[in-house]
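Within every chain, numbering begins at 1; the chains are lettered A, B, ... in the order of the sequence lines, protein sequences first and strands thereafter. Scope of the values below: all heavy atoms of this structure, side chains included, with no hydrogens, waters or symmetry mates.
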Protein chains: 2
Amino acid sequence: MSKQELPVVDLNAVACCAPIAVRPMDADQAAVVAPMFKALGDPIRLRLMSMIASAPEICVCDLTPAFDLSGPTISHHLKVLREAGLVDSERRGTWVWYRVQPEAFRQLGALLEISANQPAGGAA
Amino acid sequence: MSKQELPVVDLNAVACCAPIAVRPMDADQAAVVAPMFKALGDPIRLRLMSMIASAPEICVCDLTPAFDLSGPTISHHLKVLREAGLVDSERRGTWVWYRVQPEAFRQLGALLEISANQPAGGAA
DNA sequence: TCTCTGCTTCGAAAAGTATCTAGACAAGGA
DNA sequence: TCCTTGTCTAGATACTTTTCGAAGCAGAGA
């Protein structure tokens, strides 16, 4: 779906980009970033994301059979990932192909960097 | 709450730790990791997490006034973060203090690393 | 012991989410 | 044009989450 029919995260608006351990995140930034984490907060979507990110691109026809779920349910989860700005899709002929949006990925990783406020050792 | 009264994420069980862009995550690993992302998938909790992570530790009495929400609601969100293994808490006298679990943080960051499967440039 | 404050738990209402079936749309081939 | 296949959308239902007020527990101090 290159047509981007829905409100999609504007990556340039993601408040740039101090790790959340450096200073408290303001409400606006949190409102932009939280939906990305939320999209990854479901085991099905996390696996879908991982399958998509593990290849340059992947067809829905290869994603659906990996789960015990109906096609529409997989389609719903892919839509959530799309609207969070984490993946992009494109129809080519009969099939629809998904790939990651690397910049969104990168930003989430940057937000989780540990700062000097935190001890280096595990505290589990 | 050092007494850990509830099922808490066992960090040693977090399938260790290839970035999700390296190979597809299996269902067991996704079931362990997804609740951590889910916990960060709410703007209130993301801000709470950021406030906690921005200091060595912080008192609930300093967290609550930063939001237009009741005490019980903040307490609920803190519990979600605790049960996801992202923070730890301890009562000292009258007040309860929260701090991050740096190892959990680190693992989430590691999962979001970009692999060679993905182009270096943004695709937004 | 009593009372006050800080924080959590309980129980309920409202809103949101996951999943399904049915149906619609798009592309390819007969 | 019609049929088949792949994918998405719509609508319904069951479940989960967010939020609050009320109540409970834990410490500190009079």
Compile the donor-acceptor pairs under 3.5 Å between side chains in residues 59-66 of chain B and protein atoms, sequence neighbours left out, one pair per line.
| residue | atom | partner | partner atom | Å |
| --- | --- | --- | --- | --- |
| B:T64 | OG1 | B:V60 | O | 3.2 |

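Distance CG (A:D62) to C1' (D:dG6): 12 Å, rounded to an integer number of Å. Rounded to a whole Å, the CH2 atom of B:W97 is 13 Å from the P atom of C:dG6. For the pair A:L48 CG and C:dA18 C1', the interatomic distance rounds to 13 Å; values are reported in whole Å. The separation between B:R92 atom CZ and D:dA26 atom C1' is 16 Å, rounded to whole Å. Rounded to whole Å, the distance from CH2 on B:W95 to P on C:dG6 is 8 Å. Rounded to whole angstrom, the span from the CZ atom of B:R91 across to the P atom of C:dT9 amounts to 11 Å.
Residue B:Y98 has no polar side-chain atom (N or O) positioned under 4.0 Å from OP1 or OP2 of C:dC7.
Counting only residues at least two apart or in different chains, salt bridge (charged side-chain N to carboxylate O under 4.0 Å, His left out) contacts with residues 31-40 of chain B are absent. Screening residues 65-75 of chain A for salt bridge (charged side-chain N to carboxylate O under 4.0 Å, His left out), with sequence neighbours left out, gives no hits. For residues 47-59 of chain A, the pairs satisfying salt bridge (charged side-chain N to carboxylate O under 4.0 Å, His left out) are A:E57-A:R92, A:E57-A:R99, with sequence neighbours left out. Under the disulfide bond (SG atoms under 2.5 Å apart) criterion, no residue pair touches residues 70-107 of chain B, with sequence neighbours excluded.
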Could you write nucleotides 17-24 of chain D as a row of B, S and -, 5' to 3', where a protein heavy atom under 4.0 Å of any base atom gives B, of only sugar-phosphate atoms gives S, and otherwise -? SSBBBB--

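Of the candidate nucleotides D:dT9, D:dT7, C:dC7, D:dT9 has the atom lying nearest to any side-chain atom of A:R82. Of the candidates C:dA27, C:dT8, D:dA26, the closest approach to any side-chain atom of B:L78 belongs to C:dT8.
Between the B:S50 side chain and the A:A21 main chain, no donor and acceptor come within less than 3.5 Å of each other.
With sequence neighbours left out, the side-chain contact (heavy atoms from CB on, under 4.5 Å) criterion links A:V80 to A:A39, A:R45, A:H76. Scanning for side-chain contact (heavy atoms from CB on, under 4.5 Å) contacts around B:S70 gives B:P72, B:T73, with sequence neighbours left out.
In the helix from C:dT1-D:dA30 to C:dA30-D:dT1, the rotation axis of the first five pairs and that of the last five pairs differ in direction by 10°, rounded to 10 degrees.
Residue contacts for B:S75: at a heavy-atom cut-off of 4.0 Å it reaches a base atom on one of the strands shown.
Annotation for A:M36 and A:L86: closest pair O-CD1, 3.8 Å, computed over non-hydrogen atoms.
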